[in-house]
Amino acid sequence: MEKEKSPSKGAASAGGGEPKAELAKIDIFRAWCKACGICAAFCPTKVLARDEGGYPYVQDLEKCIKCGLCEIRCPDFAITVETIGKGKRRAREKREETTQGIADSGQ
Amino acid sequence: MEKEKSPSKGAASAGGGEPKAELAKIDIFRAWCKACGICAAFCPTKVLARDEGGYPYVQDLEKCIKCGLCEIRCPDFAITVETIGKGKRRAREKREETTQGIADSGQ
Amino acid sequence: MPEVTKLIHKYLRHDKKFPHVWCPGCGIGILLGALIRAIDRVGYDKNEIVLVSGIGCSSRLPVYVDFHTLHTTHGRALTFATGVKLANPKLKVIVVMGDGDAMAIGGNHFIHAARRNIGMTTIILNNNIYGMTGGQYSPTTPHGMKASTAIYGHIEQAFKISEMAVAAGAAFVARGTVFHAKQLDGLIEQALVKSGFSVVEAMAHCHTQYGRQNRLGSAVEMLEAQRDNAIPVEKASKMAPEALVGKIVTGVLVNKELLVYEEEYEKVRERAGLMMEK
Amino acid sequence: MPEVTKLIHKYLRHDKKFPHVWCPGCGIGILLGALIRAIDRVGYDKNEIVLVSGIGCSSRLPVYVDFHTLHTTHGRALTFATGVKLANPKLKVIVVMGDGDAMAIGGNHFIHAARRNIGMTTIILNNNIYGMTGGQYSPTTPHGMKASTAIYGHIEQAFKISEMAVAAGAAFVARGTVFHAKQLDGLIEQALVKSGFSVVEAMAHCHTQYGRQNRLGSAVEMLEAQRDNAIPVEKASKMAPEALVGKIVTGVLVNKELLVYEEEYEKVRERAGLMMEK
Amino acid sequence: MKKQRKVLLIQGNEAVVEGALRAGCRFFAGYPITPATEISEGMSVKLPALGGTYIQMEDEIASMGAIIGASLAGVKSMTATSGPGFSLMQENLGYAVMAEVPCVVVNVMRGGPSTGLPTFPSQGDVMQARWGTHGDHPIIVLSASTVRECYDHTIAAFNLSERFRIPVILLIDEVVGHMREKVILDDEDHVEIINRTRPSVPPEWYIPYEDTPMGVPPMADFGTGYRYNITGLTHDVRGFPTARIDEIGPFNERMIRKISKYRAEISLTEHFLTEDAEITIIAYGCVARSAKRAVLQAREQGIPAGLLKLTTLWPFVRGEMEKLLPSTRVFIVPEMNMGQISREVKRVNRGIARVVTLNKVDGTIIMPQEILQKIKEVA
Amino acid sequence: MKKQRKVLLIQGNEAVVEGALRAGCRFFAGYPITPATEISEGMSVKLPALGGTYIQMEDEIASMGAIIGASLAGVKSMTATSGPGFSLMQENLGYAVMAEVPCVVVNVMRGGPSTGLPTFPSQGDVMQARWGTHGDHPIIVLSASTVRECYDHTIAAFNLSERFRIPVILLIDEVVGHMREKVILDDEDHVEIINRTRPSVPPEWYIPYEDTPMGVPPMADFGTGYRYNITGLTHDVRGFPTARIDEIGPFNERMIRKISKYRAEISLTEHFLTEDAEITIIAYGCVARSAKRAVLQAREQGIPAGLLKLTTLWPFVRGEMEKLLPSTRVFIVPEMNMGQISREVKRVNRGIARVVTLNKVDGTIIMPQEILQKIKEVA
Amino acid sequence: MGSRYEIRLSGSGGQGIILMAIILAEAIGIYDGKCVAQTQSYGPEARGGSSKAEVVVSDLEIDYPKAVKPDLLLAMNQKSCNEYFRDLNPGGMLIVDSTFVTQLPTPKAFQIPFTRIAREKFQREVVANIIALGAISHLTEVVSAKAMEKAVLARVPKGTEQLNRNALKAGIQAARKAKKQWLHAQAKESPLPPDEDQEEY
Amino acid sequence: MGSRYEIRLSGSGGQGIILMAIILAEAIGIYDGKCVAQTQSYGPEARGGSSKAEVVVSDLEIDYPKAVKPDLLLAMNQKSCNEYFRDLNPGGMLIVDSTFVTQLPTPKAFQIPFTRIAREKFQREVVANIIALGAISHLTEVVSAKAMEKAVLARVPKGTEQLNRNALKAGIQAARKAKKQWLHAQAKESPLPPDEDQEEY
Ligand SMILES: Cc1ncc(C[n+]2csc(CCOP(=O)(O)OP(=O)(O)O)c2C)c(N)n1
Ligand SMILES: Cc1ncc(C[n+]2csc(CCOP(=O)(O)OP(=O)(O)O)c2C)c(N)n1
Ligand code: SF4
Ligand code: SF4
Ligand code: SF4
Ligand code: SF4
Ligand code: SF4
Ligand code: SF4
Ligand SMILES: [Mg+2]
Ligand SMILES: [Mg+2]
């Protein structure tokens with residue numbers, strides 16, 4: 001059915017693991033954050049937690065698999081994850097979404 | 001699929017022939033007729049013809065099978081056919097429409 | 001007076017001038033006959049029928065018959081009809097529209113009426129053109145055909161009215177042609193007795209505008225085309241889609257049981273009554 | 001700045017105040033991110049994009065991004081977009097609407113745009129409610145649910161937006177959810193590169209209005225529901241219709257080649273040119 | 001409704017709902033829009049328990065169509081909207097005028113034009129209410145300046161509508177619509193409720209658009225045996241389309257006459273200290289409240305000011321204003337628009353008094369001080 | 001277009017088409033309606049060969065939306081309709097005013113209200129053209145009384161629209177729209193064609209709704225590098241929604257000023273024997289033709305009558321009328337409506353002269369004799 | 001002829017009345033170079049019904065575009081003859097299609113069976129209007145026969161030029177004959193007897 | 001108190017300002033039997049933003065319904081305090097939620113940490129507005145404490161009566177304390193020192 005170029009396809013095929021030690025850098029931009037809790041709720045490894053005001057903070061950076069899901073699901077562009085190479089991250093995301101019941105037909 | 005009562009169904013089951021001699025009575029109400037030619041064109045037995053003004057007239061009453069199609073297709077209620085019993089006419093109509101490619105699903 | 005005529009005359013208005021306004025041979029008159037026969041068969045009382053229409057040649061139909069007749073604004077017939085039916089659900093509401101009326105300006109009301117499943121019957125006379133305003137293309141004008149605003153050939157896809165009605169959720173959808181006038185009154189009859197929203201699409205010819213511009217000949221020739229192109233739905237369901245191009249699939253396309261709006265609203269009244277008491 | 005953020009910030013308007021107007025946790029912001037990623041991937045220039053919307057919470061989306069942004073009237077976005085695209089077919093026209101905007105007041109424009117197959121992409125954020133005006137039922141509010149104008153429970157059938165788009169003739173139709181944000185940007189990307197009219201229905205939550213009235217919990221809980229109810233179309237096609245009730249079928253529902261309006265109109269120009277010379 | 005005395009603190013919009021129900025409204029079709037949404041919501045909650053019907057239509061065009069249909073079926077009906085929706089209703093509103101179908105349209109005015117300022121008040125739709133639909137037509141437009149008036153004038157709107165078989169528009173502004181005030185509703189028996197005159201002749205004798213002495217023919221509900229044709233085309237007395245000049249003329253004449261003849265009765269106003277006023281404020285809606293205060297303050301300062309508060313905006317209360325022409329030296333017309341009713345004041349004034357306008361279109365309401373200032377300027 | 005001199009016998013509606021094309025209109029979206037259909041049809045035939053675009057939309061709301069979109073993409077655009085369609089266009093028309101999008105709307109007036117008399121002439125939509133959309137707004141409305149004027153004033157409509165970034169409405173009546181007259185079209189180089197001012201600054205400096213001295217900011221086409229936000233909400237100079245009183249006020253003030261400041265230039269009229277006229281007819285459209293004849297006949301009988309023929313209906317040509325106030329004893333305002341422009345005449349007159357109306361709404365046009373009769377009555 | 005000359009053409013829906021008026025107006029306006037204004041009125045109902053079209057001619061710009069007191073009335077059927085005769089200028093000319101108009105409101109009418117001629121001579125009713133135009137060009141001075149021919153030929157479909165030219169001629173010829181009779185009748189100041197002779201066209 | 005008393009309540013979107021105004025108006029209007037008019041203004045954007053509601057009280061019918069020079073201003077956050085303080089009647093009263101309002105425009109303000117009390121005493125921020133109402137009933141004479149309690153209880157969801165009653169009480173108590181401090185400060189005619197004591201609520 002699909003004949004269009006899908007620019008991300010190539011990237012998605014790259015994969016593999018990275019050294020556990022390489023820590024992510026997670027930034028929470030408080031001025032834009034509305035404390036909705038989405039990032040924390042869906043972090044697959046429970047890296048993020050919420051303070052009494054509901055704002056997220058990094059609780060356990062070690063566990064971050066840099067999947068970037070917190071970043072793309074944040075409705076307010078208020079959290080960012082500095083990651084390793086694009087290809088690797090994509091591979092992870094894909095895995096994660098799939099486990100949640102989705103065959104990502106789009107890419 | 002259909003569960004509604006179809007009041008005409010019973011009637012449609014009656015059938016049979018009638019004496020050839022029994023002539024139809026065809027009335028053309030000139031004041032309403034617009035000379036469209038439909039009645040004549042689709043009379044299955046060519047009972048009707050058209051005069052130079054395009055108005056229909058009965059050319060060969062003998063041939064009339066009293067199917068009533070001229071009457072129901074006249075857009076102007078300008079032609080009527082006095083017929084024998086309803087059931088018999090209906091049977092005929094049904095036959096005629098079917099020969100023209102329609103399985104009348106409605107009745 | 002012969003029987004059928006007697007029947008027709010029973011329903012025509014005696015204080016309205018005949019012959020009616022339509023062109024010689026126009027299919028709308030044939031639909032009018034079919035509608036009257038269907039109504040007579042279901043046995044509705046004249047006083048309980050409200051016949052609603054929009055604006056267009058087709059929408060001139062109600063004025064000739066002796067019911068409550070409501071000639072509304074272009075495309076909006078179903079909105080008026082909705083008000084009538086919900087204000088007095090005992091009334092039998094029938095709506096007649098042209099293809100432009102129902103699917104161009106009135107398309108939204110049509111799909112929403114189908115979705116709500118309010119108990120009324122909608123009859124759409126589809127002549128593939130705006131007849132009344134002089135032959136401009138309508139949402140059902142097929143690709144490649146001519147119209148007074150498409151003299152170079154029409155470039156849009158056409159809506160399939162009945163199929164849209166199905167997608168929008170209508171409980172009963174049927175298609176007929178004015179050539180197959182008997183079948184047509186049968187379909188209308190079924191639509192009338194259906195509870196919920198029912199649709200009958202009546203394919204008809206407008207030889208004056210559509211026929212003339214596309215050299216399709218007289219009313220008679222266009223009726224012949226209806227005869228030759230109609231395929232009963234039972235047969236069509238066994239045919240390849242390509243073989244159906246240009247054909248008219250006739251018969252009952254959908255007939256299903258759905259919750260009926262006015263009955264559901266009656267339940268709302270009950271629930272509200274209980275809550276108010278509390 | 002991290003990569004994705006850099007990307008997002010490349011497209012956000014710097015002279016517009018953030019945080020944006022939506023409620024904490026609203027799905028529209030997630031859609032905005034997905035849209036930006038998709039646009040970035042297809043590599044459009046900011047100057048060739050016209051992002052059009054109607055009125056509603058969802059329709060507040062364009063104002064935050066640095067394209068030509070056109071916030072029109074309620075329900076009419078596609079009509080403006082049609083004018084933009086036909087007047088300058090080189091522009092990439094993207095339309096964002098809410099479910100009310102697209103399917104209530106704007107339903108007719110939607111089906112007609114789909115029918116005409118003009119080359120543009122329509123994204124409908126379906127949160128099953130009128131968010132902006134305070135939670136009244138929309139044409140996609142499911143039967144039985146509550147809304148501020150249906151406190152006794154809603155009694156209408158809901159439209160299936162994507163299925164309506166298919167029936168109206170759209171060349172490309174896909175459905176995603178904001179929970180599956182990555183899939184969503186992939187679907188939008190495919191829609192953008194499709195020639196002809198493409199539709200992406202993005203299921204989203206409005207916890208403030210719809211969630212609150214129906215006790216569906218916070219944004220997080222409503223996102224969980226999206227996660228749990230989404231079924232890929234490939235899988236859904238093998239399931240019984242009853243099993244799909246309450247599910248969200250996601251993925252590309254239709255992708256077909258149709259004549260594209262603006263290309264066809266170019267041919268009209270040629271034909272007209274020839275006729276004029278004669 | 002059970003008899004009871006209710007002391008309520010409610011919004012103007014809620015009072016509209018109460019008034020409509022009291023007037024016998026049992027059908028509401030609408031489409032949500034700020035700042036009129038509370039009317040829809042209130043109706044959706046209250047109508048079903050009363051056996052009435054609420055429906056949210058796909059847009060405002062459909063809402064207007066539906067209330068006309070319901071009214072023809074014999075049920076008093078209403079819709080409510082604001083500027084953008086009101087613009088969309090214009091075509092079908094004209095139909096209601098033409099087919100003489102009673103119904104009430106509430107427009108809670110917000111800042112315009114276009115989407116404008118949805119949550120801010122304005123009085124920008126006064127001329128539109130009179131002239132918004134195509135073609136010459138009569139219409140009645142009322143306004144309200146307090147929550148109590150929202151209740152009372154909704155009833156008045158229904159009464160006028162039923163009496164004259166004409167759509168009546170109630171224009172309120174966002175301030176009044178959203179303001180809460182205390183109202184006491186005691187199912188007063190003395191509240192007059194008017195119902196359309198239904199035919200007293202048998203169906204055979206019924207002529208649906210007959211020219212009665214009053215100019216308003218009796219109206220038969222669908223389903224009661226009186227079958228006739230209803231159309232938006234210019235029609236004859238039987239409801240059939242006509243193009244005969246000898247039918248068009250009398251038809252149009254009657255349409256105008258049925259209102260103009262009763263103009264005095266339709267002209268609802270409130271005079272506040274106008275008898276001896278040399279400076280008369282003419283105001284309506286929330287501005288009339290500021291005006292009242294300004295008048296009091298002016299009087300305190302010894303300036304003979306007065307207020308003619310308009311309830312009826314259209315037809316313009318020419319007669320009421322003319323009564324004040326001999327005594328008034330200056331008319332001040334404060335409006336939250338660029339000058340709409342002031343045009344009427346000028347026209348009727350014919351150069352006799354001075355007419356001063358005071359206009360504000362920045363989304364804020366005109367304050368008493370501003371009016372007082374003007375009074376002092378011209379005093 | 002190739003240079004050529006064409007002698008044509010064409011309808012007013014066809015002349016509108018010719019005028020639009022001459023003015024540079026290259027986009028038309030419409031929906032057929034009597035008696036304006038010929039404009040749609042003409043455009044559908046002629047535009048494609050000129051590289052332009054014709055599209056028949058699903059309704060008039062969509063047509064209005066589409067021409068706004070096309071104009072924003074940089075293409076001069078137009079639609080044409082009659083009463084019912086014009087009512088439906090009101091909401092989006094207001095959007096064009098608010099977003100300052102040039103475009104032209106032709107309304108060929110037929111008998112109203114509602115479906116009315118589709119094939120009969122009227123002048124019933126004059127007030128609607130001014131006030132039909134919600135909220136206070138400026139607008140320009142022109143009219144035409146001959147086929148030649150249909151051509152010329154369509155061009156004028158485009159010119160004013162482009163110059164002031166405002167929708168311009170051309171109101172013609174069924175008589176003029178369907179009448180055929182001889183016109184000579186010789187691609188005159190002297191025909192002035194005005195195009196919107198486009199920004200001369202680089203995109204970074206461009207402020208889309210800046211308050212220029214003229215009040216009309218330059219307008220950038222989509223796709224040319226100038227990205228900004230367009231909305232029907234009240235907005236700031238960058239096009240972003242605002243609720244700041246210090247931004248709303250100046251915005252509304254500029255909207256009004258950009259027209260009021262140039263009122264004199266926008267006031268297009270034709271004076272016919274008015275210098276010494278004691279009785280001045282004020283007329284427009286087909287009625288102006290009858291009025292001219294009546295004036296000539298009156299002069300023959302020694303009555304000093306004159307005619308002020310209006311091309312510009314809105315803003316009302318106050319200045320032109322005021323020039324005649326000293327000499328005129330009686331104004332006669334014949335209209336095919338119940339009195340619409342006459343209200344303006346009365347307002348501006350301020351009681352100085354006598355104002356006499358002559359109204360007809362039976363579907364027939366006002367005849368010279370009828371006007372002459374009135375002239376004699378007041379002479 | 002004064003400065004203003006008013007023509008009203010009338011008949012029923014299908015008789016091509018409006019086309020006739022357009023051609024007449026083009027002949028006068030474009031080819032004879034005078035000022036013209038052509039108008040028509042539509043019946044209330046869109047389809048069928050009666051049809052009326054007018055042409056006002058003047059040396060000067062035309063103000064009021066409708067015929068007030070037509071100087072020439074062509075009635076192609078009885079109904080329009082009845083309806084419009086009363087408007088005719090006392091000195092004006094009435095031309096009727098005697099195929100359909102059998103009851104004359106005035107003896108001074110020119111009676112020509114346009115439709116019958118069309119049927120019998122050309123086997124095509126549609127050219128009746130062209131025949132009538134030929135007659136008008138002969139009976140009045142408001143339009144020249146040459147201009148009329150040019151105007152007709154510019155409007156009719158390709159391939160039908162000869163037919164239409166002949167129709168025009170037939171109209172002129174018929175008019176010539178009718179005029180003779182008319183002069184005769186005028187001389188006698190009595191109504192014309194039913195003219196059997198006309199049958200031969 | 002003169003015949004007219006104007007109250008403005010202000011804060012941010014989620015603080016329940018409008019509900020507070022409604023309850024206050026009901027207390028005064030329905031239970032204390034005076035005339036009231038309650039209005040509010042919405043931000044430009046539908047969601048979030050700041051919130052302002054007013055109650056005008058009078059013994060007589062109220063003409064102008066908005067506060068011109070409020071006699072009482074309640075500011076539940078800093079932004080609204082900054083914005084509206086300038087409108088306050090010179091003799092008027094300012095009450096602030098000192099949880100959020102840290103910069104005071106006047107030393108004469110009553111500072112009460114409504115939100116902090118709500119959080120700490122009730123673990124529910126939402127009752128901050130009810131606490132504030134309690135404070136108002138104590139600090140002003142425009143409304144009686146009894147009427148206030150009735151009005152609150154009539155509006156709150158079933159099952160939360162006790163909570164809200166307690167919240168009201170906490171508000172009254174806090175107000176009593178604040179008043180003492182205020183009187184003290186007034187006496188010294190000097191700005192209050194940052195009140196550490198307040199922390200204990
Ligand atoms: C608002 C509005 N727009 C346009 C019209 C003009 N109009 C009248 S009928 C019609 C279309 C008719 O087409 P259709 O509905 O297919 O009916 P038909 O005449 O073909 O039976 C149009 C565009 C109108 N009356 N009102
Ligand atoms: C003509 C018109 N009618 C009504 C409105 C009020 N209105 C604004 S947004 C909206 C509905 C919004 O619902 P939806 O499109 O689903 O968007 P959401 O807010 O849910 O994203 C309505 C009814 C309007 N602005 N214009
Ligand atoms: S998802 Fe974004 S807005 Fe929500 S809590 Fe996390 S960072 Fe804040
Ligand atoms: S990148 Fe993934 S694992 Fe890391 S914090 Fe975000 S959601 Fe959690
Ligand atoms: S009844 Fe049938 S057979 Fe007889 S004339 Fe009519 S169509 Fe012909
Ligand atoms: S079908 Fe009817 S209208 Fe047509 S020719 Fe026959 S009788 Fe006449
Ligand atoms: S124009 Fe077409 S649809 Fe209309 S009456 Fe004539 S044939 Fe019928
Ligand atoms: S009201 Fe609903 S749709 Fe609107 S911003 Fe809030 S959560 Fe989103
Ligand atoms: Mg049609
Ligand atoms: Mg929504």
Side-chain angles (χ1 to χ4, degrees), chain C residues 21 53-57 59-60 62-63 70-77 79-80 97-111 128-141 145-159 161 164 206 209-210 213, chain F residues 11 13-14 17 27-66 79-90 108 110-119 174 177-178:
Chain C
V21 68
S53 69
I55 299 288
C57 292
S59 289
R60 282 297 186 97
V63 74
L70 179 55
H71 182 233
T72 70
T73 46
H74 189 35
R76 318 301 176 189
T79 70
F80 288 69
M97 297 181 282
D99 46 322
D101 205 43
M103 295 309 297
I105 193 166
N108 205 31
H109 309 306
F110 180 61
I111 59 178
N128 307 106
I129 202 83
Y130 293 166
M132 175 156 272
T133 45
Q136 298 79 24
Y137 60 81
S138 92
T140 58
T141 303
M145 301 307 280
K146 290 197 173 151
S148 69
T149 44
I151 66 162
Y152 309 111
H154 191 42
I155 64 171
E156 301 179 1
Q157 319 178 59
F159 271 142
I161 298 183
M164 280 294 296
C206 168
Q209 301 295 355
Y210 186 68
Q213 297 191 65
Chain F
Q11 290 191 318
N13 282 348
E14 295 170 287
V17 171
F27 185 92
F28 183 98
Y31 190 78
I33 188 166
T34 307
T37 306
E38 294 81 4
I39 301 178
S40 282
E41 291 174 345
M43 285 303 215
S44 78
V45 170
K46 301 210 160 175
L47 271 173
L50 296 169
T53 308
Y54 166 88
I55 185 169
Q56 188 174 300
M57 297 296 286
E58 53 274 25
D59 62 18
E60 289 86 351
I61 297 173
S63 304
M64 191 66 217
T79 188
T81 189
S82 187
F86 193 53
S87 287
L88 290 172
M89 287 178 182
Q90 293 303 328
V108 186
R110 65 192 218 182
S114 196
T115 318
L117 296 160
T119 57
E174 187 272 343
H178 278 158

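Not measured: the values here are computed from a predicted model. Below, read A as the first sequence line, B as the second, and so on, with proteins coming before strands; counting in each chain starts at 1.
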Worksheet item: Checking C:His74 against chain F: side chain, backbone, both or neither under 4.5 Å from a heavy atom?
Response: side chain
Worksheet item: Quick one: what part of C:Tyr152 sits under 4.5 Å from any heavy atom of chain F, side chain, backbone, both or neither?
Response: side chain
Item to complete: Could you grab the distance from atom CD1 of C:Ile105 to atom CD1 of F:Ile33, nearest 0.5 Å is fine?
Response: 8.0 Å
Discussion item. List the residues meeting side-chain contact (heavy atoms from CB on, under 4.5 Å) with F:Leu47, not counting sequence neighbours, and say none if there are none.
Written reply: F:Leu21, F:Arg26, F:Phe28, F:Met43, F:Tyr54
Discussion item. According to side-chain contact (heavy atoms from CB on, under 4.5 Å), who are the partners of C:Pro62, at least two apart in sequence or on a separate chain?
Written reply: C:Leu51, C:Ser53, C:Thr69
[X] to [Y] - nearest heavy-atom pair and separation:
X	Y	result
C:Glu156	F:Gln56	OE2-O, 4.3 Å
C:Thr133	F:Pro32	OG1-CB, 3.9 Å
F:Ser44	C:Ser148	OG-O, 3.6 Å

Fill in: Closest-packed option against chain C by number of heavy-atom pairs under 4.5 Å, given F:Thr34, F:Asp59, F:Ile61
F:Asp59
